[in-house]
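Okay, structure first, notes after.
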Amino acid sequence: MKTLELPPTYDPSTIERAIYQRWMDAGVFTADNESDRDPYVIVIPPPNVTDVLHMGHGLNNTLQDVLIRFERMRGREALWLPGTDHAGIATQNVVERMIAREGQTRHDVGRDAFVKRVWSHVESKGSIILDQLKAIGASCDWSRTRFTLDEEYSRAVIKVFVTLYNEDLLYRGHRVIHWCPRCSTSLSDEEAEFHDRTAQLYHIRYRLCDEPKRHVVVATTQPETMFGDVCLMFHPEDERFSDLKGRSVLIPLSDLEIPIGTSDHVEQDFGTGMLKVTPAHDANDFDIANESPLDLDRPVVIDEHAKMTDIDRVPVSLRGLDRDEARKQTVELLEKAGLLERVEPYEHRVRKCYRCNTMVEPFLSDQWFVKMKPLAAPALAAYRQGDIRFVPERWGKVYENWLEDIRDWNISRQLWWGHRIPAWYCTSESCGKTIVAESAPDRCECGAALRQDEDVLDTWFSSWLWPFATLGWPNKTPDVRHFYPNHSMVTGPDIIFFWVARMIMSGFHFMGEKPFSTVYLNGMVRDTQNRKMSKSLGNGIDPLHVVERYGADALRYTVVAGSAAGADVNLDPDDLDTSFAVGRNFANKLWNIGRFILTNLEKPVTPITAIDAGQMELADRWILARTQRAVTETTKALDAFRFSETANTIYHFLWDEVADWYIEQVKPRLGQDGPSGEIARSVLVHVTETALKLLHPLMPFITEELWSHLPGDRTALLAITPWPVSQSTWINQEAERRFVTVQSLVGAVRSIRAEYHVPPHALMRAYVTPSSNDVRDALTSEMDTIRRLAKLEIVDLTGQEPEEAGGNAVLPNGSTVFVPLGDAIDVQKECNRLSAERDRLEAQLVKVNAKLSNDNFVGRAPADVVERERQKEKGWTEQRDALSGKLKSLGC
RNA sequence: GGGCGAAUAGCUCAGUUGGUUUAGAGCGCCUGCCUUACAAGCAGGAAGUCGGGGGUUCGAAUCCCUCUUCGCCCACCA
C-alpha cells in the first residue's frame, strides 16, 4: 500500500510533469504493429510549424486524446500519430518578415540560404509545439512523429506527383489563376477566400468605330483592366444590341479597336447587359475568349506585382503604377474625356489571400493542376454509401456539395519553401520536352541540359497523404499494413475542403481504401464577442498559460464539457478564472474526494468481489447501481462522440452522488471494524476506482495520481487499466428507488428548517406518514443516516402527528413529513406556502385528468405511458388531499 | 442566387429517434452555514408564455409551414 497522505491543495504543475514521465517511461503510448489486438488509429491534424499552439488546438487535441485513451483502455492497440506541417506560404511569410527586419528580401539571401534559414526556424518552433502537446497530456506515439518535409515523407509526395502525371491526372496548364501579389505566388480556389466589400461600379463609354457619335456603355468594377479588353460581348438573345454584332468599338483612352460578339455567359440583367472581355485578368473572360469564334489575343496589363505593364496598350502615364493608383487615374482620365457615364456603389465579393489578406489578382500563367473529377468519384460514393460518416452529420452535405462540382486543383506555388516540383524542362528550344520523374535525369534525350521547375507544391499536396505517408508509404511497411485505414479524424470544419476531402480522395486512389471511417468536426474556440481567436485580434488564449495556472486537466475538462455536438466553445481571454472555473473546481473537488478517502482508509480493504452482497446497506446497493449507470452512460456517450455528455455524466455522478450522498453516508462507517465498516471501505474503493477509470480519458493526470495512491497493487498504470464493464448484477432499481426516498426526506426536512430559519445546530423531530411499506422499510433501514444528515433527534414513522404547528412537505412518492416547529413557526407564511402548493397541484391535476379522460390518449398512447400518467394522477391527488388536511389543521 | 446553422433562466449553454420532465446544468443572484475532504465548499431558494405566428398529433422545446433576428459556407452578375 502506498502513502495515504496527499497534500492539502492540488498542485497540478508538479504532479503533471511527473505523471507524464511515468507514462513515457512505461511506453504506454507506443503502438505495437505486431499486436493481435484491434488497432485504433488517429493521425493528428498536423499543426503548422510556424506558430505555437492556440486554444483551438487545445480543444482539437484534447478530443483526440479522449478518444485515444478511451480506446486504449478498452484494449485496442491505440496509435495516435503526431507530427507537424511545413505550411508552405505561412512559414515562408514568417521567415520573410524576419529577414525583412534585417532589411533584406529572400532574393538578396538566395534560395539555398533562405531555405536553410527556414529550416532553422522550423526546428526551433516544431519542438515547442510537441512540448505543448505533451503539456496538455496528449498521449501521442512520439516515436512515430512525422513532418511533411521529412526525407521519407517527401519521397511519397514526389511519387504521388509522378504517378498522377503518368495516369494523366496531373498536367501543366496555361490559364488564369488566383495570384497573391504580396506572397507572389499562385493560389488554389480554396486559398482565395471571399470577402464582402462595397465597391464602385463604373459605367464606361466605348465609342463605336463606324458611328463615332454613338457609344456602348459597359459596367465594371475594375476600369484599369480595360486596356486588356479584347472584345465586348452581349447575350445572343439581347435585342437591345442586335445591330451591334460584328461591329467594333474603341477602348477608351487607348483607342484600340476591338470587336463586339455574343456569348451565353453574359447576364442580360446585370449592369448594361454588355460585358467587357479581359481574358488575361478574369477567369471567366478567359473561358469566354477561348470559346469565342473570334481570334482573340490575351494581353497582360497587370503584372505579378500588381503594377500596370508597359505594353503599348497601356497609356504611358499609367505604366508601372500600382493597381489602386492606376484605377484612380484611369477614372480621372475617363471623366476628363467625358467617357464615364456614371458611378454607383456596388456590394460584391472580392477574393483575398488566406495567408496575408491581400486582394488576389487574376493572373494568366503556367501552373500544374490535378484533375479532380476522377479522384472525387470514389470519395463521393463512399460517403453516399455510408462508409464514411461525418459527426455532426450536417457537414457531410458540405463535403458532398463540394465534391459534386469540384474543379481542378492548382498545386504549384511560386515559393521556395516546400517540395520542389519533380519536372524538368529541356533547355533546347527545338526540343522543349518536359520530363516528370522521381529523380533528376542527367540530360534530355536530345542531349541538351535540363532545367528543373522552379516552383514548389501546395502545402496541402503533401498533407493530403497524411493518413498513409506517415506510416511509411509507398513502402509496404508493417505500419502501413497494420494501421491503415485509420479510424477517426478529428478536425475543424474550416478545412473540410483543404484537407479532409482531399485525404479521402488520395486514400482511395493510392491505397484503394478510405483513410478513416468517421470524421468528427469540432467547433471553433471563440471569445465572448463570438470572434474567432486569432493573433491579430489579440484575443487568443495560450494553452500553456492555462495549464500553468489551472492544470491540464482543468483545461481539458472545460473544453470537453463545453463542446456539445461540434458546437463552438466560448471562452473569455480577459477572464481566465471564470472561463476555466468549471474545470478548475472539478479538479479540486476530485482531489479532495481523494484526500478524504485516503485519510479514512486506515483499516484493510476487502476486494469488492469478496463482499457478501446480502449484508450491504441500502446506500451501498444504491451507489453500486448508480456506478453501473455511470459506466453505461459514459461508454455510450463516448462511442457516440458526445463529449459534453460524457463530461456531465461523470461530473454529476462524482459530485452529486458519490461526494454529496455516499461519502456523507459512509463517514461514520469507515473506521468501524465490523461488516458495515468493511463493506463501506470496500464499496467506496470500488466506486472510486471505477470513477477514476471513467474520468481518465478526460482528466488523465489527476486520475492517474489518485489511482496510484489507492490501496491495492498499483504497479499498473491507470492509462492501461481495462475500461470498466457494465455489471448488470449491480443494477438495482429497488435500491435506487428507496434511496431517492431517503434523499427526498432529508431534503424536505432541510428545506423546512431553512424556510423557518431554524438554527443550524438545533435538533428537531420529524413525523413521517409513509405512503407504502416499501417507503417505510427504506426509511427504517436508513434511520441513522436520516437523523444525522437532517439533524433530527427523532424520526417517527407511525404516521401520528402531534397537535402542534409545524412545517410539512410531501415527498415525490406521496409520503408526508411533518416537522413541529414550536415557537418558530409563522402560521401565515405557512398557510400561504401550502395553498400555493395546493393550487399548483390542482392545476396539474386538471391537466392530467383531461389527458386520462381522452379516449384517444388512453387508446393510442403506449401502455406504460398511460400507466405513468395514472400514477401521477394518483400521487398528486393524495398530495392535494394531504395538503388540504394540513391547511385545515393550521386553521388557514 | 443557392445551401447550412443558431434563437431555451440575468450570462454561457445541454436537452440523442415526439411521451420515464411539473423543461435541466454551470456561472451569477437571494437565504443560512468556516459541519475536522473541499468557502474553488455545504444546505436551501428565486428565476424560463423554450424568438413570433400557424399547422400535424391523444401529446411538440423536439416534426411541418411561415415570419423576424444573427452567424457560416458555396456560386463564372463583370
Side-chain angles (χ1 to χ4, degrees), chain A residues 6 8-10 194 201 218-222 225 233 265-278 282-288 346 348-349 392 394-395 397-398 401-402 405 493-494 496-497 524 528 530 550 561-562 564-565 567-572 577-579 581-582 584-600 636-637 640 642 644-645 648 651-652 659-660 663-664 667 746-747 750-755 757-761 789 791 840-841 843-844 847-848 850-851 854-862 864-869 871-872 876:
Chain A
L6 289 177
T9 50
Y10 172 51
F194 281 106
L201 191 59
V218 176
T220 180
T221 54
Q222 291 175 277
T225 63
M233 293 273 191
H265 293 284
V266 181
E267 288 284 331
Q268 297 187 44
D269 299 334
F270 184 83
T272 60
M274 184 66 81
L275 172 73
K276 67 191 262 302
V277 177
T278 323
D282 186 293
N284 305 318
D285 289 6
F286 184 80
D287 292 340
I288 292 172
Y346 177 58
H348 74 149
R349 289 141 301 276
R394 61 194 145 94
W395 294 114
K397 278 185 231 157
V398 174
N401 291 343
W402 188 71
D405 41 40
D494 51 333
I496 291 177
F497 307 146
M524 295 271 165
T528 43
N530 220 29
Y550 313 111
D568 291 346
V569 179
N570 289 68
L571 296 170
D572 187 351
D577 274 352
T578 304
S579 294
V582 179
R584 180 196 56 178
N585 293 357
F586 188 42
N588 184 57
K589 184 73 183 181
L590 199 59
W591 186 253
N592 281 296
I593 290 172
R595 279 180 66 208
F596 172 81
I597 292 170
L598 295 177
T599 49
N600 284 282
K636 225 170 81 187
R642 289 201 289 264
S644 71
E645 197 175 304
N648 284 332
Y651 182 95
H652 290 294
D660 290 349
I663 288 182
E664 292 304 325
K667 268 181 179 171
V746 171
R750 281 169 172 170
S751 173
I752 290 168
R753 295 178 68 110
E755 181 159 0
H757 303 284
V758 177
H761 298 290
L789 299 182
K791 293 216 178 74
R840 199 171 54 84
L841 278 169
Q844 281 162 215
K847 267 203 235 167
V848 78
K851 210 171 186 179
N854 183 329
D855 292 342
N856 271 325
F857 171 69
V858 177
R860 295 165 75 167
D864 59 317
V865 174
V866 176
E867 182 51 30
R868 260 200 312 271
E869 295 298 317
Q871 290 301 324
K872 276 188 198 169
W876 293 342

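To find a chain, count down the sequence lines: A is the first, B the second, and so on, and within it residues start at 1. Only a predicted model underlies this, so the values are computations on that prediction, with no experimental measurement involved.
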Exercise for review: Measure the CG-CD1 distance between Asn588(A) and Ile593(A) for me, rounded to the nearest 0.5 Å.
Suggested key: 10.0 Å
Check your understanding: Could you state the interatomic distance from NZ (Lys397(A)) to CG (Asn401(A)), rounded to the nearest 0.5 Å?
Key -> 9.0 Å
Rounded distance in Å - [atom1] ([X]) to [atom2] ([N]):
X         : N       : atom1 : atom2 : result
His761(A) : rG32(B) : NE2   : P     : 15 Å
Phe586(A) : rC27(B) : CZ    : P     : 13 Å
Leu571(A) : rC27(B) : CG    : C1'   : 14 Å
His348(A) : rA78(B) : NE2   : C1'   : 10 Å
Arg642(A) : rA14(B) : CZ    : P     : 14 Å
Trp402(A) : rC73(B) : CH2   : C1'   : 13 Å
Asp282(A) : rA78(B) : CG    : C1'   : 7 Å
Asp577(A) : rA39(B) : CG    : P     : 16 Å

Heavy-atom side-chain proximity of [X] to [Y] below 4.5 angstrom:
X         : Y         : answer
Ile288(A) : Asp282(A) : no
Trp402(A) : Ile496(A) : no
Met233(A) : Asp285(A) : no
Leu275(A) : Glu267(A) : no
Arg750(A) : Leu789(A) : yes
Asp494(A) : Met524(A) : yes

If you check every side-chain atom of [X], which of [options] has the closest atom?
X         : options                   : result
Phe270(A) : rC42(B), rC77(B), rC38(B) : rC77(B)
Arg394(A) : rG5(B), rA78(B), rA40(B)  : rG5(B)
His265(A) : rC42(B), rC76(B), rA78(B) : rC76(B)
Val266(A) : rU16(B), rA78(B), rG41(B) : rA78(B)
Thr578(A) : rG26(B), rC42(B), rC27(B) : rC27(B)
Ala754(A) : rG44(B), rA37(B), rA40(B) : rG44(B)

In whole angstrom, give me the gap between the [atom1] atoms of [N] and [M].
N       : M       : atom1 : value
rU22(B) : rA61(B) : C1'   : 15 Å
rA7(B)  : rA47(B) : P     : 24 Å
rA46(B) : rC27(B) : C1'   : 16 Å
rA14(B) : rG5(B)  : P     : 15 Å
rU56(B) : rU66(B) : C1'   : 15 Å
rG44(B) : rG51(B) : C1'   : 33 Å
rA6(B)  : rG24(B) : P     : 22 Å
rC42(B) : rG26(B) : P     : 10 Å

By the 4.0 Å heavy-atom rule, please label [X] as base, sugar-phosphate, or nothing.
X         : result
Phe497(A) : sugar-phosphate
Arg753(A) : nothing
Phe286(A) : nothing
Arg750(A) : sugar-phosphate
Ala659(A) : base
Asp269(A) : nothing
Ser751(A) : sugar-phosphate
Ala283(A) : nothing

Check your understanding: Donor-acceptor pair, Tyr550(A) side chain versus Asp577(A) backbone, under 3.5 Å?
Key -> yes
Exercise for review: Would you kindly check whether a donor in the side chain of Glu664(A) faces an acceptor in the base of rA43(B), or vice versa, at under 3.5 angstrom?
Suggested key: no
Review point. Can you find a donor-acceptor pair, distance only, under 3.5 Å between Lys397(A) side chain and rC4(B) base?
Key: no
Counting just side-chain N and O atoms, does [X] come under 4.0 Å of either OP1 or OP2 of [N]?
X         : N       : value
Tyr346(A) : rC77(B) : no
Asn585(A) : rG41(B) : yes
Asn570(A) : rC13(B) : yes

Pair partner, [N] [Watson-Crick or wobble, under 3.5 Å]:
N       : answer
rU16(B) : none
rG44(B) : rC30(B)
rG71(B) : rC4(B)
rA23(B) : none
rG59(B) : none

Revision key, fill the gap. When Asn401(A) and Val582(A) are each assigned the nearest nucleotide of RNA chain B, the 5'-most assignment goes to Asn401(A)
Check your understanding: Nearest nucleotide by nearest heavy atom, which residue falls closer to the 5' end of RNA chain B, Thr221(A) or Val746(A)?
Key -> Val746(A)
